[in-house]
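Chain naming here is simple, since letters A, B, ... match the order of the sequence lines and numbering starts at 1 in each.
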Number of protein chains: 2
Amino acid sequence: MNTKSEIYEQPGITVDLAIFTVNTNKLKVMLVKRAEDPFRENWSLPGGFLLHGESLQAAAYRVLREKTGVKNVYMEQLYTFGDPKRDPRSRVITVAYFALIPWKVLDQPESKKVTDLTWSSVDQLPKLAFDHKDILKYAVKRLRAKAGYSNIVYGLMPEQFRLSELQTMYEIIIDDKLDKRNFRKRMLATNLLQETGEKDITGAHRPAMLYQFKKMEIAFSN
Amino acid sequence: MNTKSEIYEQPGITVDLAIFTVNTNKLKVMLVKRAEDPFRENWSLPGGFLLHGESLQAAAYRVLREKTGVKNVYMEQLYTFGDPKRDPRSRVITVAYFALIPWKVLDQPESKKVTDLTWSSVDQLPKLAFDHKDILKYAVKRLRAKAGYSNIVYGLMPEQFRLSELQTMYEIIIDDKLDKRNFRKRMLATNLLQETGEKDITGAHRPAMLYQFKKMEIAFSN
DNA sequence: CCAAAAGTGTTATTGATACACCCATGC
DNA sequence: GCATGGGTGTATCAATAACACTTTTGG
């Protein structure tokens, strides 16, 4: 019999992340510019190789923290991409995750003059390395689908928010308009929101009641 | 800098399959008895190592064909399990798939006197190797969920069937009773079924019209 | 003629959708 | 006092759920 490594693959394992946020009324995803071959200078999803003894989820959280500085955000495993030719140099299998981050949580994202990291609108993507465009398409599809039947959108909201901001968030994700009264009725009926008692007086107009999510797990549905 | 293999995992990759069928009014899953350590003599999900140059899906289909002799059945990637300790000997990551097979398609399953393969009711599982019970739980959960909002159940039906058989199939999967008239109305309204023109006269009673699915892809939803 | 599964419609309930005006504030 | 976004209720429509009897066959 042959030795194990002759017949069986022992590929490199990476995790790649589709990290979404919403800013200036656009759904955006984090891209990083590759410093190394292959695809040097191309944009790609943030990712990294799995370390010894590290779980997949731990690796995903490590990459997330390295790139964004945040933890405790919504993240779920998306899909595993293992085409033999997806990395031109050697066999690499990637476990893709997608994560949601409220824009406000990202620390001064515009102030850092980084040129190797960007937030790109998902409808205006540059050429991406590897099969990352496929991964991203799949992630967007899943996000849009789940926005329709779960409360996943909560993962994009700041601590406190106006109902109109929540509605706008939904509209950006599902790329469609919603009726204000029906939206409010439905949201309040879920019983997942509570008034904070405070009002948002930043606008030049009638102050809006601020809401927050009741403290509980984000409901997964898979 | 250390060599790549010192810092990065290059684990073995397996695919494991939750292959479902329905027989004698029970949702059943294929289990195989392990011939080797670890977990020798324990039941486990059928699976195998990824071969050089093989895609994940190809590996899953290979295992499926080896164990059941069938291809062209419904199969989808489920989830990737990568806990560092899930295999007691070395790091192995498994990409789990789930598949659906109509019982009739399996060739004389009872006649073969195999003792290393069984179809176990999902509510009466033996102890399973590795983390296969977790995998299976997740697969059953997904199957039940998708039965509620997709036509995935079709994957368990034979070529021709009575509507009452289709209803029974749904009832077994979702583990609940359905109203006959509402069920028929709903099914016929989908426009995915067509009468074959033939009737099932095997019963001792009024013959039933036989139906088949219109030829088209099974609608994925993910 | 009896047992057993096949087949068939209507009503009630629920949930989703459509829709327009007054309110509170800053300037 | 006007411009701007905040906030509210009802009527219609669609989808789902509840519910019982007649029909066809074999034995």
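Residue A/M209 contributes atom CE, which lies 13 Å from atom C1' of C/dA24 at whole-angstrom precision. Separating the CG atom of A/D179 from the C1' atom of C/dA20 is a distance of 11 Å, rounded to the nearest angstrom. Atom NZ of A/K180 is separated from atom C1' of D/dT4 by 11 Å (rounded to the nearest Å). For the pair B/R184 CZ and C/dA6 P, the interatomic distance rounds to 7 Å; values are reported in whole Å. The distance from atom CG of B/L188 to atom P of C/dG9 is 12 Å, rounded to the nearest whole Å. Computed from coordinates, the A/K177 NZ to C/dC19 P distance equals 16 Å when rounded to whole Å. Following rounding to the nearest Å, A/L178 (CG) and C/dC19 (P) show an atom-to-atom distance of 15 Å.
For the pair B/F161 and B/L210, the minimum side-chain heavy-atom distance is 4.5 Å or more. When side chains are defined from C-beta on, B/Y211 counts as touching B/L188, because their heavy atoms get closer than 4.5 Å.
Contacts of A/A204 with the nucleic acid, taken as non-hydrogen atoms under 4.0 Å apart, include base atoms.
Distances shown here put every side-chain N or O of B/R206 at or beyond 4.0 Å from the OP1 or OP2 atom of C/dG7. Taking side-chain N and O atoms only, A/R181 has no distance below 4.0 Å to OP1 or OP2 of D/dG7. Distances shown here put a side-chain N or O of B/S164 below 4.0 Å from the OP1 or OP2 atom of C/dA6.
When each of A/I201 and B/K199 is assigned the nucleotide of DNA chain C bearing its nearest heavy atom, the one mapping closer to the 5' terminus is B/K199. If A/H205 and A/R186 are placed on DNA chain C by their nearest nucleotide, the residue sitting closer to the 5' end is A/R186. Remark on DNA chain D: of its neighbouring residues A/P207 and A/N182, the 5'-side contact belongs to A/P207, judged by nearest-heavy-atom nucleotide.
For the pair B/E54 and B/R62, the salt-bridge criterion is met [side-chain N within less than 4.0 Å of a carboxylate O]. Taking the charged nitrogens against the carboxylate oxygens, B/K215 and B/E159 do have a contact shorter than 4.0 Å, which makes a salt bridge.
Here the closest non-hydrogen pair linking B/Q57 and B/M75 is O-CE, 4.2 Å.
Below the 3.5 angstrom threshold, one finds a donor paired with an acceptor across the side chain of A/K185 and the base of D/dT10.
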